[in-house]
Trainee: 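Could you have a look at this structure, given as structure tokens, before my questions?
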Amino acid sequence: MVLRPEGMYCPAGDFYIDPWRGVDRAVLTHGHADHARPGSALYHAAESGLGLLRHRLGADAHIVTHAYSAPVGFGDARVSLHSAGHILGSSQVRIEVDGEVWVVTGDYKRDADPSCAPFEVVPCDTLITEATFALPCYRWPPMAAVVDEMLEWWDRCAREKLPAVLFCYALGKAQRVLAELAQRVERTVYLHGAMTPLVQRYRDAKMPMLPTEPVSESKRARDFAGELILAPPSAAGSPWMRRFNSASTAFASGWMQIRGNRRRRGYDRGFVVSDHSDWPGLIRTIDECGARRVLATHGNTDALVRYLNERGIAAAALKTEFGGDDA
Amino acid sequence: MKAFAALYARLDQSTATGDKVSAMVEYFGSAPPGDAAWAVHWLTGGRVKRLVRSTDLRRWLIEASTLPEWLIDDTYAHVGDLAETITLLTQHDPAAPPQDTSLAGFIATELLPLAKLTPEAQGAVVRRWWQSFSDRERFVVNKLLTGGLRVGVSRLLVVQALAKLSGQPSDLIAHRLSGDFQPTFQAFAQLIAPGDVAMDADKPYPFFLASPLEQAPESLGAASDWLAEWKWDGIRAQLIVRGGVRLWSRGEERLDGRFPEIERAAAALPDGCVLDGEILGWIGAAPLPFSRLQKRIGRLKPGAKTLADCPVVFMAYDLIEYQRADLRQRPLRERRQLLDSLVDASTLRLSEPVPNDGWATLEAARNGARERGVEGLILKRWDSAYATGRRRGDWWKWKIAPLTIDAVLIYAQAGHGRRSNLYTDYTFALWHGDELVPVAKAYSGLNDEEIAKLDRWIRAHTLERFGPVRSVEAFHVFELAFEGVNRSTRHKSGIAVRFPRILRWRTDKPFREADRLETLAKLAQ
């Protein structure tokens with residue numbers, strides 16, 4: 001793999017992975033906006049992510065889908081997609097050329113998630129890994145404990161007759177929260193308009209989630225006291241929030257692991273829920289895939305690179321245009 | 001310990017003061033009085049003497065986490081709080097014997113005795129805590145170990161909670177809490193007891209603080225209703241003469257022994273009186289710059305040279321107790337009359353009224369404040385009581401406009417607390433020849449949006465990293481405000497500025513056109 005102005009490029013197979021400009025052939029790891037950008041002539045992606053990519057790239061985009069693990073030949077390269085456990089239809093890309101194997105993880109996580117397929121360890125020689133949370137302070141608490149906290153907060157809001165507004169990213173996080181909660185309670189959750197179509201794609205893929213209703217379909221004067229409302233972080237402080245008088249607010253994100261982040265953003269509660277790998281997950285994955293060489297993209301690459309080099313694994317940073325706050 | 005950790009978590013999670021007060025009322029009402037006493041101590045910013053060295057703490061963390069030292073440093077720089085970093089890098093071991101002591105019990109039998117142990121023995125104890133406490137409790141324990149709590153609860157909120165719990169007036173609670181509060185169950189019982197409780201002879205009154213005057217002075221009504229005094233730039237203090245002499249700073253720290261001149265002079269005062277005033281360095285007819293006085297603050301027993309370099313006076317503002325009677329509800333006019341009869345023009349002197357023939361004369365006087373070495377005027381309503389804390393309405397500080405200078409951002413460091421992992425601690429420089437010489441550090445003055453924008457710029461334009469500090473390209477210019485300028489041998493620039501803060505981001509000004517060091521030097525006294 002080499003870096004070109006358009007993105008990460010594989011010369012042997014003549015394709016790009018998640019290019020940030022339009023190219024002839026793009027392989028997409030998942031449907032987040034910084035990875036799936038419009039403008040390319042042809043896209044290859046995992047079958048289960050098709051609905052989301054259609055939503056992102058439009059009905060006219062030329063998308064060819066593949067089952068996980070099914071190899072396809074691009075020039076001299078044998079390419080296959082493997083589940084990354086990040087969001088619905090997320091993939092790692094395995095590339096084999098002359099017996100040498102590279103894997104690009106895209107964004108991934110190791111923790112169980114009822115809204116997508118689990119991560120698969122893919123043995124390789126070179127691993128190109130994400131590094132969003134590559135510091136040892138990022139060690140995710142067990143999801144069950146986080147769900148306990150969420151339910152406790154929701155109950156408290158119900159007792160105090162306050163709307164409970166949970167901010168989370170509209171793609172992946174929201175659906176994971178709905179799927180986790182579905183294992184524990186049976187109540188309707190209200191959605192911000194930006195989330196409705198994305199939740200529908202997950203329902204189309206038969207992901208079990210709590211019943212939902214768009215906020216916009218409720219009457220103007222409806223009282224949301226005691227109800228849980230999911231909204232993207234961009235809705236915080238917007239006029240849309242006026243409907244939820246004196247709401248208690250929370251944010252579900254890996255960044256909530258750090259107290260200062262939560263206090264700075266002024267949310268009442270922070271729940272540590274991430275669709276990315278934590279530090280132990282990154283190290284474990286590198287160990288398990290047996291890579292001799294690691295390239296780290298977006299995030300705390302410096303710390304990861306130095307740590308791996310000290311442990312005898314050749315590592316370097318790869319400067320990409322991924323990332324942003326979708327954590 | 002569990003209940004206190006839960007209280008801490010609730011206070012930390014809440015952004016509404018009403019919630020915080022009710023959380024404290026619940027805790028104080030249900031906790032054993034010994035625990036409640038310690039909770040009051042910590043929540044009002046109380047500390048204990050340092051128990052372990054931070055280098056030892058770091059060493060134990062390296063051992064316990066098995067991470068390389070540099071990675072722990074990087075993580076600390078990212079998290080911005082040592083206690084939190086430790087909590088995140090250590091893990092509760094479910095197999096370890098659980099800790100189930102009360103807060104007071106833990107402090108008395110485990111925390112405080114640490115001070116008597118060797119570092120090795122301390123390490124064994126602390127590492128055992130890291131294993132046996134759950135995340136929430138471990139965080140609180142680490143906070144206690146590294147100094148104090150700081151949970152976004154003001155002293156005032158604690159006072160409100162105690163007042164609500166006890167049904168006593170909050171001014172009374174504030175008074176009982178002032179000075180040395182010993183975290184014992186007896187002290188807690190006295191804090192919330194009904195009616196009159198005998199107070200210690202050395203207990204200060206809560207200070208009454210003036211609020212900044214932001215409107216035109218004419219809005220305060222007739223100037224003749226107001227006493228105008230200079231706003232002296234020293235150490236606000238309370239001088240207590242009850243049996244012996246005590247001196248308290250506004251931060252409610254005891255200053256006994258540090259200013260023997262004042263204590264000697266106070267011995268001549270009648271027994272049973274309390275004066276509010278300002279400690280000032282003073283030679284001849286004028287105050288010394290605050291920087292001279294600053295050198296004395298740390299000296300527990302000043303020597304002859306210190307005493308000669310910076311002789312001090314107590315500039316008396318008010319008389320809050322006389323003949324053992326609390327005068328705080330008497331009008332200021334009356335209190336000042338009595339005060340006038342107690343002090344002379346020597347070490348204990350009266351803060352003389354500034355001649356007041358109407359707002360225009362006061363305005364003119366205020367404009368000459370800097371030449372006098374004062375910060376402006378204080379306005380006090382002649383019929384005002386001596387209230388508690390910063391209560392708006394009767395006392396105002398009417399400060400002169402600050403000095404300003406346009407300086408270039410050259411270094412940045414990540415902040416702490418709610419600014420952790422954001423570059424918010426800035427160093428600014430002025431031109432000296434072709435060189436940019438650092439002159440001031442500032443932490444405040446930008447809004448959240450500007451901070452975020454500047455943080456992104458800093459990350460993208462870093463030249464070099466020195467540990468947690470980044471040097472950045474000279475590009476951005478900021479207008480800095482400060483209260484005074486002094487010559488200094490401790491600063492590379494030869495100049496020290498007082499209370500620097502950012503006034504605004506000069507996006508309109510190229511960095512080549514920032515001010516020169518000579519301009520600042522001219523302002524130095």
Side-chain angles (χ1 to χ4, degrees), chain A residues 131-142 145-146 149-150 152-153 156-157 160 162 236-237 246-251 254-272 278-280 283 299-311 319 323-325, chain B residues 6 8-16 18-20 22 61-62 65-81 83-92 134-136 139 143 150-152 414-422 424 448-449 451-452 455-456 459 462 465:
Chain A
T132 310
F133 289 108
L135 277 176
C137 52
Y138 294 106
R139 172 190 292 271
W140 307 142
V146 178
E149 282 179 38
M150 271 184 199
E152 188 196 11
W153 168 67
R156 194 180 190 104
C157 290
E160 294 173 6
L162 304 174
S246 64
S248 177
T249 59
F251 187 34
W255 299 113
M256 294 297 100
Q257 177 86 334
I258 308 293
R259 219 170 128 242
N261 284 335
R262 174 172 56 74
R263 287 163 69 211
R264 180 160 69 238
R265 293 177 189 235
Y267 300 114
D268 296 314
R269 298 294 303 269
F271 299 113
V272 182
D278 60 3
W279 171 266
I283 303 301
N300 278 299
T301 52
D302 295 359
L304 183 63
V305 165
R306 180 167 172 192
Y307 182 78
L308 293 175
N309 279 319
E310 288 183 3
R311 289 180 32 146
K319 202 170 162 60
D325 269 346
Chain B
Y8 185 93
R10 238 183 108 182
L11 294 174
D12 189 43
Q13 280 161 5
S14 179
T15 47
D19 268 6
K20 292 184 186 186
S22 32
L61 181 59
I62 293 167
S65 67
T66 67
L67 293 170
E69 188 174 0
W70 65 265
L71 187 51
I72 287 181
D73 290 346
D74 276 15
T75 305
Y76 174 42
H78 180 79
V79 174
D81 180 290
E84 189 180 351
T85 307
I86 295 172
T87 308
L88 293 171
L89 295 184
T90 53
Q91 276 127 61
H92 174 226
S134 71
D135 291 3
R136 207 182 245 187
F139 178 55
K143 277 277 174 197
R150 293 194 51 180
V151 66
H416 293 266
R418 69 188 286 275
R419 293 172 152 200
S420 69
N421 136 37
L422 268 186
T424 55
D448 286 353
E449 202 179 310
I451 287 174
D455 175 76
R456 282 194 297 276
R459 288 171 199 271
T462 298
R465 298 184 193 191

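Below, read A as the first sequence line, B as the second, and so on, with proteins coming before strands; counting in each chain starts at 1.
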Trainee: Just verifying a value: how many Å separate Cys137(A) SG and Leu67(B) CG, rounded to the nearest 0.5 Å?
Mentor: 10.5 Å

Trainee: Tell me, side chain or backbone of Tyr76(B) under 4.5 Å from chain A's heavy atoms, or both, or neither?
Mentor: neither

Trainee: For Arg306(A), is it the side chain, the backbone, both, or neither that has a heavy atom closer than 4.5 Å to a heavy atom of chain B?
Mentor: both

Trainee: Can you say whether Tyr267(A) sits under 4.5 Å from chain B via the side chain, the backbone, both, or neither, judging by heavy atoms?
Mentor: backbone

Trainee: Which atoms of Glu84(B) are under 4.5 Å from chain A, going by heavy atoms: the side chain, the backbone, both sets, or neither?
Mentor: side chain

Trainee: Starting at CG of Asp302(A), measure out to CG of Leu71(B) and round the result to the nearest 0.5 Å.
Mentor: 11.5 Å

Trainee: In Å and rounded to the nearest 0.5 Å, what is the CG to OH distance from Asp74(B) to Tyr307(A)?
Mentor: 13.0 Å

Trainee: I'd like to check Trp153(A) versus Gln13(B) (side-chain heavy atoms, cut-off strictly below 4.5 Å). Are they in contact?
Mentor: no

Trainee: Is Asp19(B) salt-bridged to Arg156(A), going by a charged N under 4.0 Å from an acidic O?
Mentor: no

Trainee: Under 4.5 Å heavy-atom distance to chain A, tell me which part of Asp12(B) shows up: side chain, backbone, both or neither.
Mentor: both

Trainee: Sort Glu310(A) into side chain, backbone, both or neither according to what part of it lies under 4.5 angstrom from a heavy atom of chain B.
Mentor: side chain

Trainee: If the plane angle is over 60° it's perpendicular, under 30° parallel, otherwise tilted; pick one for His78(B) and Trp255(A).
Mentor: tilted

Trainee: Taking side chain as everything from C-beta outward and backbone as N, CA, C, O, which of these in Arg10(B) sits under 4.5 Å from a heavy atom of chain A? Side chain, backbone, both or neither.
Mentor: side chain

Trainee: Quick one: does Val79(B)'s side chain get under 4.5 Å of Leu135(A)'s, heavy atoms only?
Mentor: no

